[in-house]
Undergrad: 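Quick one: structure below, then a few questions.
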Amino acid sequence: MDFGPSDEPVALKILIAGGFGVGKTTLVGAISEIRPLRTEEVLSDRGIGIDDVEGVEGKTTTTVAMDFGRITIREGLVVYLFGTPGQERFWFMWDELSYGALGAVVLADTRRLTDCFPSIDYFEQRGTPFIVAVNCFDGAEQYEAEDVRIALDLDPDVPVLLCDVRRRASAKNVLVTLVEHSLKVLTASQR
Amino acid sequence: MTQWMDEEAGPVVRPYALIGGRTRSSGDELDLIAMVTATGAVTSSGFVPGPEQERILSLVTTATSVADVASELDLPLGVVRVLLGDLQDHQLISIGRASASERILKEVINGLRAL
Ligand SMILES: Nc1nc2c(ncn2[C@@H]2O[C@H](COP(=O)(O)OP(=O)(O)O)[C@@H](O)[C@H]2O)c(=O)[nH]1
Ligand SMILES: [Mg+2]
């Protein structure tokens with residue numbers, strides 16, 4: 001294949017984070033085709049790396065199914081969505097998921113706002129650009145985005161928006177908001 | 001380790017058996033969205049790609065991300081990484097990752113809006 005330097009295929013990675021039941025899978029499904037993706041990791045020798053042959057039986061492996069979606073912008077430009085696994089025992093996957101990520105959407109549910117604290121902490125520390133999208137569930141009290149910003153003690157430059165992840169248009173708006181934010185962060189870092 | 005069944009084929013080989021229990025091949029950690037492309041090279045070292053590796057090689061005649069390879073082959077990422085590492089060690093694939101520029105991000109924003 002012949003790719004000129006500028007025609008090289010580009011893949012971008014967006015993470016969808018947030019607590020259990022907040023709407024991560026729904027969001028990925030609303031905007032892209034969900035595809036099966038699982039990872040099976042050996043837990044006992046993490047960080048050691050490299051070849052090891054004997055002793056397979058003694059190792060503990062864990063299988064994690066991930067939400068995985070792709071959006072083709074054009075030929076050679078694809079955006080991948082990865083839902084971050086919720087349970088804490090899968091934290092080890094976050095570093096790998098967030099490596100080189102364009103940014104993250106942290107979904108929040110106003111009835112369980114604290115569920116998104118770990119995600120916010122993680123991306124803040126990691127320096128991954130992120131936005132907070134408040135998924136408006138039926139029956140939940142409606143708050144203004146600004147109330148949520150205060151409750152979560154977010155920096156003024158972190159975008160906060162309300163959404164309904166079941167709706168494609170709303171899901172689209174969430175992603176656009178994130179990429180715009182990432183662009184802003186990228187541009188600022190180049191000054 | 002989970003035992004799993006393939007509805008059509010019956011019990012299938014456990015994924016880690018495919019790679020001799022290794023967890024990482026030599027070389028770098030492969031990013032999920034790194035692009036894999038077959039080089040078309042012929043091995044001289046006596047390395048014979050296994051059936052899964054043959055499937056990978058035919059899939060990546062056009063650049064394919066690591067995540068897509070795992071998804072298409074329905075194999076766990078950890079296993080795919082090791083299979084890819086072997087292929088890379090024998091120069092049968094190249095792995096690259098183009099970074100996003102301002103221009104690309106603007107294109108993505110417009111593309112998402114147009115969905
Ligand atoms: N009413 C309402 N239900 C939602 C909304 N988003 C998700 N759900 C439902 O909430 C449940 C959990 O969503 P899911 O996407 O699986 O959450 P996940 O655990 O973060 O992946 C599902 O039954 C969804 O249909 C929403 O905006 N409004
Ligand atoms: Mg889910």
Side-chain angles (χ1 to χ4, degrees), chain A residues 1 3 5-6 8-13 31-32 35-42 45-46 48-57 59-64 66 68 70-74 76-80 82 96-97 99-102 168-169 172-173 175-176 179-180 182-183 186-187 190, chain B residues 1-2 4 14-17 19-35 37-38 40 60-72 74-82 85 96-115:
Chain A
M1 246 181 334
F3 289 119
S6 57
E8 237 183 305
V10 179
L12 301 172
K13 178 162 62 176
I31 193 84
S32 64
R35 295 146 53 88
L37 182 67
R38 67 205 154 86
T39 183
E40 188 170 73
E41 297 281 343
V42 177
D45 64 348
R46 279 206 61 76
I48 298 169
I50 324 297
D51 302 352
D52 177 356
V53 185
E54 256 60 79
V56 193
E57 302 309 325
K59 291 176 183 173
T60 332
T61 61
T62 183
T63 306
V64 192
M66 282 188 278
F68 169 51
R70 50 176 290 163
I71 302 169
T72 303
I73 302 292
R74 62 160 162 80
L77 179 53
V78 178
V79 175
Y80 289 95
F82 292 95
E96 151 174 8
L97 277 171
Y99 170 79
L102 180 62
R168 185 178 164 85
K172 200 164 95 174
N173 187 40
L175 294 188
V176 168
V179 183
E180 283 175 342
S182 297
L183 175 60
L186 178 75
T187 319
Q190 286 172 347
Chain B
M1 193 156 23
T2 33
W4 38 293
R14 294 187 301 182
Y16 273 91
I19 52 175
R22 288 170 304 153
T23 53
R24 291 282 179 271
S25 188
S26 49
D28 304 319
E29 201 62 31
L30 294 173
D31 184 26
L32 285 173
I33 60 165
M35 295 302 239
T37 313
V60 302
T61 48
T62 53
T64 308
S65 69
V66 171
D68 277 331
V69 170
S71 181
E72 290 290 328
D74 193 25
L75 286 172
L77 274 167
V79 172
V80 164
R81 284 214 174 82
V82 174
R97 193 185 194 294
S99 56
S101 61
E102 232 175 281
R103 182 180 62 81
I104 291 283
L105 293 198
K106 284 181 179 155
E107 216 185 325
V108 169
I109 292 166
N110 292 330
L112 287 172
R113 285 214 178 96
L115 281 181

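Throughout, a chain's letter reflects where its sequence line sits, starting with A, and its residues are numbered from 1.
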Undergrad: Under the criterion side-chain contact (heavy atoms from CB on, under 4.5 Å), which of A:Ile71, A:Val79, A:Val78, A:Val10 is the partner of B:Val108?
TA: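 Going through the options one by one, the only one that passes is A:Val79.
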
Undergrad: Give the member of B:Leu32, B:Leu115, B:Asp68, B:Ile109 that has the highest number of heavy-atom pairs under 4.5 Å with chain A.
TA: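 Answer, by heavy-atom pair count under 4.5 Å with chain A: B:Asp68.
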
Undergrad: List the residues meeting ring pair (Phe, Tyr, Trp, His ring centres under 6.0 Å) with A:Phe68, not counting sequence neighbours, and say none if there are none.
TA: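 Applying ring pair (Phe, Tyr, Trp, His ring centres under 6.0 Å) to A:Phe68 gives A:Tyr80, A:Phe82.
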
Undergrad: Find the one option among A:Arg70, A:Arg168, A:Gln190 whose heavy-atom pairs under 4.5 Å with chain B are most numerous.
TA: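 Greatest number of close heavy-atom pairs with chain B: A:Arg70.
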
Undergrad: Do you know which of B:Ala98, B:Ala70, B:Gly96, B:Ala38 has the most heavy-atom pairs with chain A at a distance under 4.5 angstrom?
TA: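 Option with the greatest count: B:Ala98.
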
Undergrad: For B:Ser71 and A:Pro36, indicate whether the former's side chain and the latter's backbone hold a donor-acceptor pair under 3.5 Å.
TA: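 Here the side-chain-to-backbone pair exists.
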
Undergrad: May I ask you to name which of B:Met35, B:Arg97, B:Glu102 has the most heavy-atom pairs under 4.5 Å with chain A?
TA: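 Top option by heavy-atom pairs under 4.5 Å: B:Glu102.
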
Undergrad: For the interface with chain B, which of A:Leu186, A:Leu175, A:Leu97, A:Ile73 has the highest count of heavy-atom pairs at distances below 4.5 Å?
TA: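 Of A:Leu186, A:Leu175, A:Leu97, A:Ile73, A:Ile73 has the most heavy-atom pairs under 4.5 Å with chain B.
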
Undergrad: Do B:Glu72 and B:Thr64 have side chains that approach each other closer than 4.5 Å (heavy atoms only, starting at C-beta)?
TA: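 With C-beta onward as the side chain, the pair stays apart.
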
Undergrad: Just by modelled atom types, is the B:Pro76 backbone N or O under 3.5 Å from a matching donor or acceptor in the B:Arg81 side chain?
TA: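 Checked: no pair found.
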
Undergrad: Where does A:Lys13 contact chain B at under 4.5 Å (heavy atoms): side chain, backbone, both or neither?
TA: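 Contact with chain B involves both backbone and side-chain atoms of A:Lys13.
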
